[in-house]
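As structure tokens, the structure follows; a few thoughts come after it.
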Amino acid sequence: MRANAMKRSLHYNRLLDAPSQPKSSSLATLSVRDTLNILINSAETKNIQLGKIIHAYIITSNPFSSYQVIENNALLNLYAKCGQLSLVQSLFDSMHKRNVVSWCSLMSAYFHNGYVSKVLELFMEVFRVDDVRPNKYVLSVVLSCCSEGRRVVEGLQCHGYVLKSGLEFHQYVKNGLLRMYLMCSLVGDAMKVLDYVPGSDAFTYNSVLKGLLDYGYINRALVVLRRMMDECLEWDNVTYVSVFGICAKSGDLKLGMQVHGRLVESGVEIDLFLGSAMIDMYGKCGQLSTAREIFEALNDQNVVSWTALLAAYLQNESFEETLELFLEMEVRGVVPNEYTYAVLLNSCAGLSALGCGNSLHAQVQKMGYTDHVIVGIALINMYSKSGHIEAASIVFANMIHRDSITWNSMISAYAHHGHGKEALNLFYNMLALEEKPNSITFVGVLSACGHLGLVDEGFYYLYKLMRDKGIEPELEHYTCILALLCNAGRLEEAENFMRTTKTNWDIVAWRTLLNACYVHRNYTLGKRVAESVLQMNPDDVGTFVLLSNMHAKAKRWDGIVKIRKLMRERNIKKEPGMSWTQIRTSTHIFVSDDNMHPDTAEIHEKIRDLLAEIKPLGYTPDISCALHDVDEEQKESSLRYHSEKLAIAYALLKTPPGAPIHVIKNLRMCDDCHSAVKLIAKVTKRVIVVRDINRFHSFRDGYCSCADYW
DNA sequence: ATAGGGTTAG
């Protein structure tokens with residue numbers, strides 16, 4: 001078929017180029033069949049020049065020929081294929097005679113150029129034309145428009161017409177109906193079409209699989225897949241894309257590998273769509289190297305396959321590698337799109353790399369991607385995780401389109417930063433704008449209540465508002481309530497809440513209670529809770545550290561010795577304290593009690609000056625935070641060289657007055673550093689943001705955003 | 001002469 005078209009093409013090109021044969025004379029002899037063949041072929045090769053020549057020929061040939069409508073229809077199709085919408089419309093307008101094919105071609109042209117409403121208008125108009133009735137071809141196009149435009153009312157009307165005219169048994173029409181229901185979120189109706197209209201092909205099943213996958217109905221998708229196999233329908237590359245999507249979403253590597261095996265045996269070609277889906281699946285199932293192999297094996301790579309690979313690195317927390325890989329992508333001349341930037345910004349968020357995030361933000365603006373929802377969310381996430389909550393809120397305020405995930409991101413960002421009031425305000429705005437909150441919204445809301453000490457409100461949201469909104473509280477919500485009680489110092493109630501609430505409390509919840517026991521100095525309960533945690537995980541480092549700190553606060557040095565012995569026996573090592581900060585483009589890492597940094601002498605001097613400056617304001621070293629295995633004299637000096645103090649002193653030395661300072665720390669910030677940094681922020685008139693293992697501390701003028709609870 | 005399904009983000 002294709003070979004014949006090629007032959008025809010060569011023949012006519014030669015015909016037109018031949019100098020000895022005047023073009024007009026050779027064209028004048030064309031039969032209707034020849035004309036149509038040229039037009040079909042030109043449409044395939046998008047040869048608009050040749051099409052225009054034929055157009056002229058048709059005009060000058062017999063205008064009253066009954067074949068002219070067919071020739072013009074073919075020409076409509078050619079112009080449509082070449083994206084010349086205005087030529088399609090003017091030719092259609094000029095046609096003396098039109099039939100249903102003319103209308104269908106016109107509608108199809110508008111559909112493929114995104115004019116959904118225009119197609120629906122034309123569909124109404126066609127009913128007013130005598131002797132033209134919409135056929136299965138027209139319904140296919142119109143149903144596609146209803147799908148793309150989520151036009152549920154028109155879609156239902158189409159279904160009515162389909163039933164009345166008996167078109168529902170046409171395969172394309174059935175599939176069109178099915179897809180219309182899926183795209184309009186009427187999954188039940190789509191399944192009815194599948195079940196009650198006889199005859200399904202691979203397209204039918206592919207649409208259903210994709211739809212169920214999009215709505216997260218993984219098990220139902222697997223049932224449908226089983227049915228497709230029972231009907232012995234061949235899987236094509238589109239089927240494989242959906243099936244790998246199912247594996248990716250459910251994280252089912254075993255199934256993924258089985259499907260991969262089937263694919264290899266089937267001989268179905270791995271095109272870019274399928275390749276990207278496979279990279280995505282292996283990435284989401286934690287198989288980074290296999291994802292990479294699939295990528296390398298692709299014949300060519302485009303922005304989507306690149307982004308799928310970058311996303312795989314991001315999802316496996318290889319943030320730096322993601323950013324490095326992006327450089328390679330740029331070298332290869334692949335232009336990033338909004339998805340790529342979302343992945344990159346989230347990698348920066350993972351690293352708290354504000355500098356890199358800032359330059360990506362500039363690129364995003366230059367490329368014109370700022371108004372994409374996913375980019376906005378990624379920017380909010382990046383700024384928030386880099387400690388720049390103000391910048392995050394500016395991005396949010398400037399967004400044109402916001403969906404519920406956008407609202408959730410901003411509410412959670414405020415909550416993480418201890419800005420409870422802002423988080424709750426946003427939540428009320430969200431409700432006022434009738435944006436539907438979901439389970440994640442309430443995690444943010446409940447943790448905001450925790451920061452504000454709003455115990456009663458927290459319980460009201462948990463037991464009343466969530467149920468009103470049809471959301472069942474889950475472990476995460478209960479943990480928020482637990483933290484709320486802990487934060488308010490109501491530890492007995494917290495313990496009681498854990499006992500009486502039926503949920504599978506995890507180690508995170510127990511650690512929350514344990515941390516509260518430490519902060520509120522309730523050591524009796526603390527010991528009990530620590531035992532519970534260690535029952536769940538005998539090697540939980542955080543628990544040993546907290547227990548040890550508790551004993552230090554109570555000056556129970558013998559207790560500390562016991563804990564250290566236990567840790568040695570179990571071969572548990574406390575991670576060394578590390579902090580890092582970015583100065584211009586380079587990241588400086590500081591390790592507690594370590595002189596590795598070349599500017600150590602200068603840094604130590606700066607710390608001595610700062611401590612001398614804040615002493616008159618009430619700073620006294622908190623010996624309980626010092627190393628336990630050194631003598632008393634050394635304890636006070638060891639405090640000075642905690643990694644966050646080193647990093648902050650260095651940043652103060654290397655940044656201009658008034659510039660905010662951002663430090664990331666791998667452990668929980670200690671009490672001594674916390675009270676010192678509050679005062680350092682005051683005397684240096686700087687905003688100092690420290691991201692520790694649990695949350696953000698924004699120090700400003702002698703106060704911290706965590707309100708001294710962390 | 002006119003019609004259909006798919007990849008990357010949160």
Side-chain angles (χ1 to χ4, degrees), chain A residues 32 35-37 39-40 43 67-78 80 99-109 111-112 134-144 147 167 170-180 182-183 201-211 213 236-245 248 270-281 283-284 298 302-312 314-315 336-346 349 372-381 403-406 408-409 412 440:
Chain A
V32 171
T35 317
L36 286 177
N37 281 342
L39 287 172
I40 296 163
Y67 293 112
Q68 203 177 55
V69 63
I70 299 175
E71 293 166 337
N72 276 331
N73 287 345
L75 194 51
L76 282 175
N77 186 39
L78 187 155
N99 60 15
V100 66
V101 179
S102 325
W103 283 89
C104 189
S105 298
L106 182 67
M107 291 162 95
S108 166
F111 168 62
H112 283 115
N135 60 10
K136 55 185 177 174
Y137 292 90
V138 174
L139 260 299
S140 279
V141 174
V142 176
L143 282 168
S144 294
S147 300
L167 289 173
H170 287 287
Q171 192 71 69
Y172 280 71
V173 174
K174 174 186 172 175
N175 293 349
L177 276 173
L178 226 164
R179 217 172 91 81
M180 181 276 291
L182 285 171
M183 298 286 278
D201 62 2
F203 278 72
T204 319
Y205 279 105
N206 290 345
S207 296
V208 177
L209 289 174
K210 170 73 164 71
L213 178 63
D236 62 14
N237 40 7
V238 180
T239 318
Y240 279 104
V241 168
S242 282
V243 178
F244 280 124
I270 301 179
D271 60 16
L272 271 173
F273 287 83
L274 181 46
S276 304
M278 291 171 76
I279 294 167
D280 181 53
M281 186 278 287
K284 292 211 165 81
L298 289 177
N302 68 356
V303 59
V304 180
S305 53
W306 269 100
T307 306
L309 185 65
L310 293 172
L314 167 69
Q315 282 145 5
N337 64 15
E338 67 270 31
Y339 290 89
T340 322
Y341 281 112
V343 170
L344 297 172
L345 286 165
N346 286 318
H372 285 94
V373 176
I374 56 164
V375 175
I377 293 167
L379 281 169
I380 290 171
N381 189 29
D403 62 5
S404 61
I405 298 171
T406 320
N408 288 351
S409 306
S412 310
I440 297 179

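Letters A, B, ... are given to chains in the order of the sequence lines, protein chains preceding strands, and every chain is numbered from 1.
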Nearest-Å distance for atom pair [atom1]/[atom2], residues [X] and [N]:
X        : N     : atom1 : atom2 : value
A:Leu345 : B:dA9 : CG    : C1'   : 11 Å
A:Leu309 : B:dT7 : CG    : C1'   : 13 Å
A:Leu167 : B:dA3 : CG    : P     : 16 Å
A:Met278 : B:dG6 : CE    : C1'   : 14 Å
A:Leu213 : B:dG6 : CG    : P     : 11 Å
A:Asn337 : B:dT8 : CG    : P     : 12 Å
A:Asn175 : B:dA3 : CG    : C1'   : 11 Å
A:Asp271 : B:dT8 : CG    : C1'   : 14 Å

Heavy-atom side-chain proximity of A:Ile377 to A:Ile405 below 4.5 angstrom: yes
Using a heavy-atom cut-off of under 4.0 Å over every strand shown, decide if [X] touches base, sugar-phosphate, or nothing.
X        : value
A:Asn408 : nothing
A:Gln171 : base
A:Asn237 : base
A:Lys284 : sugar-phosphate
A:Asn72  : nothing
A:Val373 : base
A:Val141 : sugar-phosphate
A:Leu272 : base

Is the phosphate of [N] approached by [X] (side-chain N or O, under 4.0 Å from OP1 or OP2)?
X        : N     : answer
A:Arg179 : B:dA3 : no
A:Ser108 : B:dT2 : no
A:Gln315 : B:dA9 : yes
A:Asn77  : B:dT2 : yes

Classify the side chain of A:Asp201 versus the base of B:dG4 as yes if they form a donor-acceptor pair under 3.5 Å and no if they do not. yes
Applying the 5.5 Å / 30° rule, does A:Tyr172 stack onto the base of B:dA3?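 Yes.
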Selection from [options] that lies nearest to any side-chain heavy atom of [X]:
X        : options              : answer
A:Ile70  : B:dA1, B:dT7, B:dA9  : B:dA1
A:Tyr339 : B:dA9, B:dG6, B:dA1  : B:dA9
A:Leu274 : B:dG4, B:dG6, B:dT2  : B:dG6
A:Phe111 : B:dG10, B:dT2, B:dG4 : B:dG4
A:Asn99  : B:dA1, B:dG6, B:dT7  : B:dA1
A:Val343 : B:dA1, B:dT8, B:dA9  : B:dA9
A:Asn302 : B:dT2, B:dT7, B:dG4  : B:dT7
A:His112 : B:dA9, B:dA1, B:dG4  : B:dG4
A:Lys210 : B:dA1, B:dT7, B:dG10 : B:dT7
A:Val101 : B:dG10, B:dA1, B:dG4 : B:dA1

How far apart are the C-alpha atoms of A:Ser105 and A:Val101, what are their side-chain angles, what is the distance that settles it, and do they pass the side chain to side chain contact (heavy atoms under 4.5 Å, CB included) test? CA-CA 6 Å; A:Ser105 298; A:Val101 179; 4.2 Å; yes
Please indicate whether A:Leu298 has more than 12 foreign heavy atoms, meaning atoms of other residues, nucleotides or ligands, lying under 6.0 Å from its CG.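 It does: A:Leu298 CG has more than 12 such atoms within range.
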Only counting residues at least two apart or in another chain, list the ones meeting ring-ring contact (aromatic ring centres under 6.0 Å, His included) with A:His372. A:Tyr369
Those residues at least two apart in sequence (or on a different chain) that pass ring-ring contact (aromatic ring centres under 6.0 Å, His included) with A:Tyr205 are none
Side chain to side chain contact (heavy atoms under 4.5 Å, CB included) between A:Leu274 and A:Asp271: does it pass, once the steps are laid out? CA-CA 5 Å; A:Leu274 181 46; A:Asp271 60 16; 3.3 Å; yes
Nearest-0.5 Å distance, CG of residue A:Leu143 to CZ of residue A:Arg179: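 So the gap between those two atoms works out to 10.5 Å.
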